[in-house]
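Residue numbers start from 1 in every chain, and the chains themselves are labelled A, B, ... in the order their sequence lines are given, proteins ahead of strands.
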2 protein chains.
Amino acid sequence: MRLSETFWILISSSTAGSMRVTLKDLAKKLGLSVTTVSRALAGYDDVAENTRRRVRQTAQEMGYYPNITAQQLRRQRTDTLAFVIPTHGPRLSDPFFSELLAGIGNEAGRHRFDLLVSTQPPDSEAEREAYRRIVHGRRADGALVVRTRQKDERIRFLSEQGFPFVAFGRSDLGIEFPYVDEDSYTGMRLLAQHMVDLGHRHFGFISAPAGLLFCRLRLDGYRSVLQANGFPANGGLVVSGDLAQRSGFRAAQELLGRTPRPTAIIACNDLMALGAMSAAQKMGLTVGRDLSVGGFDDIPLAEHAHPPLTTMRQPIYEIGQRITRMLVQLIQVPRGLSGEEEAPAERQVLLTPQLIVRESSGPPPGSA
Amino acid sequence: MRLSETFWILISSSTAGSMRVTLKDLAKKLGLSVTTVSRALAGYDDVAENTRRRVRQTAQEMGYYPNITAQQLRRQRTDTLAFVIPTHGPRLSDPFFSELLAGIGNEAGRHRFDLLVSTQPPDSEAEREAYRRIVHGRRADGALVVRTRQKDERIRFLSEQGFPFVAFGRSDLGIEFPYVDEDSYTGMRLLAQHMVDLGHRHFGFISAPAGLLFCRLRLDGYRSVLQANGFPANGGLVVSGDLAQRSGFRAAQELLGRTPRPTAIIACNDLMALGAMSAAQKMGLTVGRDLSVGGFDDIPLAEHAHPPLTTMRQPIYEIGQRITRMLVQLIQVPRGLSGEEEAPAERQVLLTPQLIVRESSGPPPGSA
DNA sequence: ATTATACTCCAAAACGTTTTGGAAGTCAAG
DNA sequence: CTTGACTTCCAAAACGTTTTGGAGTATAAT
């Protein structure tokens with residue numbers, strides 16, 4: 001088949017540079033076995049110093065680079081972590097995830113793990129399929145779960161399958177699993193108490209999708225403070241948003257339309273708090289004087305908002321690093337089976353967020 | 001070795017659920033060959049309707065899921081895209097990337113591609129290694145390059161290797177390659193002209209790392225407008241930032257300390273513009289009246305800033321989708337070799353950003 | 001001269017798929 | 001009874017590694 005041969009040559013020359021050098025090529029060139037070449041490159045000591053040099057030299061010259069897929073198949077591990085980002089609408093404009101992703105990405109890199117990212121709407125069939133692919137398809141060695149939900153099916157699934165994972169956030173499934181979480185309840189208590197101490201009596205709260213555990217905890221914390229201070233148990237208006245800025249804007253518009261008008265608005269996260277400030281300002285109110293606003297997260301923008309936002313600081317970047325480090329340890333533990341005892345890995349971490357008072361909060365208008 | 005057997009049983013039962021079902025297991029159970037099982041599941045028509053049903057049924061029951069790594073190795077493709085995010089400091093807090101990542105992630109998912117993300121400092125050895133791993137290690141089928149640089153070595157490398165990629169941004173290497181870019185030069189001209197038209201005469205400009213092509217183009221556009229309006233060629237002060245909010249803050253502080261004090265500050269991106277607003281406000285200036293500020297990108301925050309930021313809108317999310325779609329087409333083209341002509345893929349796209357006038361810009365203080 | 005001890009090397013199996021190139025069997029037409 | 005066409009199945013090779021369990025050769029000790 002002369003013609004087909006020509007064809008092949010054309011093709012292969014047009015994709016120049018894509019012809020890969022394999023161990024077999026190296027072995028042939030060197031007059032060695034594939035085994036020896038492999039072991040030489042891996043640095044085993046059952047190959048002569050001289051041979052090793054020769055192999056390395058030639059590998060360099062021929063531009064050998066191991067095929068990672070083949071390594072993965074043979075070694076039965078991928079050295080990859082999976083991170084499925086729950087994204088509500090088409091967008092994920094939440095800086096929270098940037099920050100987290102940076103922490104995860106950098107730490108994964110430090111441990112020579114690749115990171116597989118996918119974006120899926122929470123609780124969707126697509127999300128379930130993504131996790132199935134990861135676990136059953138052996139696409140990664142471990143998974144990171146974020147924005148945990150009340151009865152989190154992702155956590156249940158991963159637990160049942162015995163697949164290594166670490167969560168950012170807890171859940172209430174009655175399952176013991178490794179996580180890092182900030183203490184949303186206590187944190188929100190601190191923030192709410194701060195507002196009460198300033199003299200506020202009329203509150204508005206901007207909550208978020210019911211299923212998100214941290215939102216419920218924050219709302220609970222908020223309510224507990226109101227109650228402890230003798231305000232009606234359900235005192236304070238609660239409006240729900242979707243964590244995005246725009247929804248905070250709308251929620252605040254609604255809250256500020258009520259009578260008596262709240263003098264302090266607390267939002268479930270910074271982004272909505274910023275939206276709320278924006279709404280107040282559009283109505284001609286001066287935030288920090290006419291209305292106090294508080295957020296939660298301390299995203300980088302909070303500090304540079306106008307006025308700077310009072311909020312609860314969570315070290316998001318560091319949490320990203322930390323859950324990643326925990327996951328890597330979890331994955332690597334089996335390898336240490338025969339070795340000496342490792343430092344016992346931390347499994348459950350609860351951080352207390354720190355109150356950051358800035359100019360968006362102050363005493364209510366009428367106070368001395 | 002009785003003991004070792006017991007040991008193995010203990011281990012394997014403790015990792016319950018992690019024992020995978022393979023094609024071979026299915027074949028044995030069904031009394032068929034691996035070939036037939038594989039082809040039945042893949043839907044080939046050379047397996048009897050009845051057998052196919054039986055196979056699918058059993059696969060379901062036994063919870064079979066193909067091993068993706070094995071598929072990748074055999075098929076010689078990974079169905080994976082690689083995205084190396086250039087991140088300066090340890091953080092990546094730029095919402096620009098969230099937005100972009102969302103677009104990329106969603107579009108990749110739509111085409112059933114996985115997304116491999118890594119974060120690396122630009123122009124570093126680590127970054128080079130990341131690309132080598134992708135290309136030579138065959139870790140992905142294509143790559144996305146963003147934040148292009150003047151002589152972009154990533155682009156040179158990928159081109160030389162004949163590896164499929166699409167860039168967000170151009171470069172000046174004299175190489176033809178597929179990209180989507182917004183017209184930074186023209187965009188910035190529009191913005192600067194807007195300020196001139198408002199009556200401003202004293203400008204400050206917040207620039208960014210020299211190597212970033214879009215920054216140079218924006219600066220060029222800015223200068224060209226000053227010049228065209230008869231202001232001194234280098235009229236207007238230029239201070240450099242690193243694209244982060246904080247650096248915009250500092251740069252603005254410096255600019256506002258000069259005499260005559262600029263009445264308009266334009267920043268290379270929104271984040272620094274927001275930082276600049278923050279600095280001005282801290283000095284007691286009212287943005288939009290005492291000082292006009294303009295940004296570039298129209299990140300979601302721009303609209304909700306206080307005051308809302310005048311900026312050039314780039315559809316970042318859509319650009320993410322678009323470069324991803326282009327890359328997928330590029331990768332899949334070889335598969336269509338024998339088929340009919342496909343719609344010719346677009347290779348180079350230049351978008352003109354749109355001026356969004358908001359309240360952060362207005363006439364200079366002394367004007368009628 | 002024989003045995004032990006390193007020291008180097010390698011053939012073959014395995015990881016779990018997909019694909020190639022038939023091999024059997026059935027059935028209808030000649 | 002042959003032939004050819006069709007249907008249904010399969011053995012084996014391949015993808016590119018790593019690892020197992022020796023084999024072959026020197027060198028040193030007996």
So does A/Y65 get a side-chain nitrogen or oxygen closer than 4.0 Å to the phosphate oxygens (OP1/OP2) of D/dG16? no
B/A48 side-chain proximity, nearest of D/dT20, D/dT8, C/dT8: D/dT8
For A/Q71 and D/dT18, is the shortest distance between a side-chain N/O and OP1 or OP2 below 4.0 Å? yes
Mind checking whether B/H136 and A/Y65 have parallel, tilted or perpendicular rings, split at 30° and 60°? tilted
side-chain N/O B/Q72 vs C/dG16 OP1/OP2, d < 4.0 Å: no
Judged by nearest nucleotide, the residue sitting upstream toward the 5' end of DNA chain C, B/R75 or B/D46, is B/R75
Is A/S33 near enough to C/dC9 that one of its side-chain N or O atoms lies under 4.0 angstrom from OP1 or OP2? no
A/Y44 side-chain N/O to C/dC9 phosphate OP1/OP2 under 4.0 Å: no
Taking only N and O in the side chain of B/T36, is any of them less than 4.0 Å away from OP1 or OP2 of D/dC10? yes
Step through the shown structure and confirm whether more than 12 heavy atoms of other residues, nucleotides or ligands are within 6.0 Å of CD on B/Q60. no
So what does A/T69 hit on the nucleic acid, given a heavy-atom distance under 4.0 Å: a base, only sugar-phosphate, or nothing? nothing
State whether B/T51 places a side-chain N or O below 4.0 Å from either non-bridging phosphate oxygen (OP1 or OP2) of D/dC9. yes
Of all the nucleotides listed (C/dT19, C/dC9, C/dT17), which has the minimum atom distance to the side chain of B/T22? C/dT17
Less than 6.0 angstrom separating the ring centers of B/F177 and B/Y179, yes or no? yes
Check the interface with nucleotides 23-27 of chain D: list each N/O to N/O pair with the protein under 3.5 Å, or write none.
none

Name the nucleic acid region contacted by A/N67, choosing base, sugar-phosphate or nothing; use a 4.0 angstrom heavy-atom cut-off, strictly under. sugar-phosphate
With a cut-off of less than 4.0 Å, is there a side-chain N or O of B/T35 near OP1 or OP2 of D/dC9? no
Distance, nearest 0.5 Å, that separates OG1 of B/T22 from NZ of B/K28: 8.0 Å
Does B/Q76 put a side-chain nitrogen or oxygen below 4.0 Å from OP1 or OP2 of C/dT18? no
Describe the nucleic acid contact of B/G31 in one word from base, sugar-phosphate, nothing, applying a heavy-atom distance below 4.0 Å. sugar-phosphate
Donor/acceptor link under 3.5 angstrom from A/R74 side chain onto base of D/dT17: no
What is the distance, to the nearest angstrom, from the CG atom on B/L26 to the P atom on D/dC9? 15 Å
